[in-house]
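The sequence lines fix the lettering, A, B, ..., with proteins before strands; numbering per chain opens at 1. Worth knowing before you read on, the calculation uses all heavy atoms, side chains too, and leaves out hydrogens, waters and symmetry mates. It should be emphasised that the depicted structure is a prediction, and the values quoted were computed from it without experimental measurement.
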Protein chains: 2
Amino acid sequence: MKSPRHSADTAAAPAPASRCDYGDADPFQWDTREDCEVRQILDRIGDKWSLLVIALLDVRTLRFTELRREIDGISQRMLTVTLRQLERDGLVKRTVHPVVPPRVEYQLTPLGRTLHTTINALVVWTEKHQNEIAASRAEYDRRAEAEARTAV
Amino acid sequence: MKSPRHSADTAAAPAPASRCDYGDADPFQWDTREDCEVRQILDRIGDKWSLLVIALLDVRTLRFTELRREIDGISQRMLTVTLRQLERDGLVKRTVHPVVPPRVEYQLTPLGRTLHTTINALVVWTEKHQNEIAASRAEYDRRAEAEARTAV
DNA sequence: CGGAATCCGGTCGGATACTG
DNA sequence: CAGTATCCGACCGGATTCCG
């Protein structure tokens with residue numbers, strides 16, 4: 001008995017939402033509370049596949065299998081889960097054509113499009129600074145390793 | 001024996017890096033490969049605490065305990081882990097003052113500052129559209145629940 | 001004070017099998 | 001074709017303990 005841990009697998013998970021109203025000033029107060037809306041979408045774009053899906057759908061409408069083939073590496077389970085979340089958030093529109101074999105198409109909503117645009121700023125930043133980051137990491141690791149040797 | 005699963009806990013995790021060089025055109029090709037640099041920093045900003053730390057350090061330099069108290073909810077373990085990652089990426093500078101009791105201060109690097117600026121665009125987007133998202137979710141859940149009842 | 005090491009539960013996501 | 005249902009390993013992050 002003792003609460004089946006599969007609950008997270010399939011459950012809709014209503015989520016309490018926790019309003020956490022902002023004082024509209026204080027531009028640095030948004031992130032001091034953990035379960036705000038910011039976190040909600042951050043968890044979405046931070047997850048493993050959402051971004052890929054959004055980016056692909058921003059190019060054109062795609063069917064389930066097309067997405068699956070395009071992403072390559074995603075399991076059908078995670079594709080389904082990801083699409084359902086995006087649909088729930090109003091970022092993706094799901095259209096079922098009642099034919100046999102079924103034909104289901106996914107497209108970005110206007111909201112989803114604006115999100116992708118915003119995300120792109122982050123991508124640009126990353127591409128611009130990836131060398132600095134890589135260098136910093138290499139330097140850090142080199143130093144850490146050297147330190148480890150002296151400790152022996 | 002069989003590979004201790006704690007490896008991810010403390011190990012430095014060198015990470016193969018997987019260069020995955022871009023063709024500089026194709027603005028929508030960045031995200032078709034999964035382990036690119038974009039993913040690297042996305043995993044960072046997508047994790048539970050990095051963003052909070054960055055935002056707080058953007059206001060002013062803080063000590064370990066100050067950060068811990070300010071964030072409230074973070075474990076000392078995760079604060080340490082998060083800070084080490086940010087330091088490794090060159091986003092945060094760690095300064096140890098050799099006094100007794102030890103005094104360690106953390107501050108954002110210029111690179112970290114530019115990242116925070118970029119992130120803010122995402123925050124603005126979220127605050128602007130949180131109502132749409134919340135409404136979409138409520139609608140989705142309402143519809144799903146209604147559908148579940150007819151199925152019974 | 002500022003960590004490091006260990007233990008451990010909960011969750012994320014992959015593999016597989018089955019369905020309309 | 002487009003999913004749903006189950007099972008299960010891997011990892012993330014919290015709690016606790018110990019250390020310089």
Once rounded to the nearest 0.5 Å, what's the spacing between atom CH2 of A/W49 and atom CD of A/Q85?
13.5 Å

Taking only the side-chain nitrogens and oxygens of A/Y106, find out if one of them lies under 4.0 Å from OP1 or OP2 of D/dC1.
no

Atom NE2 of A/H97 and atom P of D/dG3: how far apart are they, to the nearest Å?
13 Å

Donor-acceptor under 3.5 Å (B/T82 side chain, B/S50 main chain):
no

Base, sugar-phosphate or nothing for A/R63? Non-hydrogen atoms, less than 4.0 Å.
sugar-phosphate

Test your reading of the model: is there a side-chain donor-acceptor pair from A/H116 to the backbone of A/I54, 3.5 Å cut-off?
no

Can you see if the side chain of B/R84 gets near the phosphate of C/dG2 - specifically, an N or O under 4.0 Å from OP1 or OP2?
no

I need the full list of salt bridge (charged side-chain N to carboxylate O under 4.0 Å, His left out) pairs touching residues 107-120 of chain B, with sequence neighbours left out, sorted by first then second residue.
B/D58-B/R113

Close N/O contacts between protein and nucleotides 15-17 of chain C (under 3.5 Å):
unit_1, atom_1, unit_2, atom_2, d
C/dT16, O4, A/Q76, NE2, 2.9
C/dA17, N6, A/Q76, NE2, 3.3

Between D/dG3, D/dC1, C/dC1, which one does the side chain of B/T65 approach most closely?
C/dC1

Can a donor-acceptor pair be found, under 3.5 Å and without considering hydrogens, that links the side chain of A/E66 to the backbone of A/R63?
yes

What is the distance, rounded to the nearest whole Å, between atom CE of B/M78 and atom C1' of C/dG9?
15 Å

Given C/dG13, C/dG3, D/dT4, which nucleotide is nearest the side-chain atoms of A/W49?
C/dG13

Find the distance B/R68:CZ to C/dG3:P and express it as a whole number of Å.
12 Å

If you find the nucleotide of DNA chain D closest to A/T80 and the one closest to A/P101, which residue's nucleotide is nearer the 5' end?
A/P101

Interatomic distance where NZ belongs to B/K48 and P belongs to D/dG14 [whole Å]
4 Å

Answer yes when B/R88 and A/D141 have at least one side-chain N-carboxylate O distance shorter than 4.0 Å, and no when they do not.
yes

Distance test, side-chain N/O of A/R69 to OP1/OP2 of D/dC1, below 4.0 Å:
no

Rounded to whole Å, how long is the line connecting atom CG of B/L79 with atom P of D/dC12?
17 Å

Ion pair B/E139/B/R143, N-O distance below 4.0 Å:
yes

When the distance from CZ of B/F64 to C1' of C/dA4 is rounded to whole Å, what number comes out?
11 Å

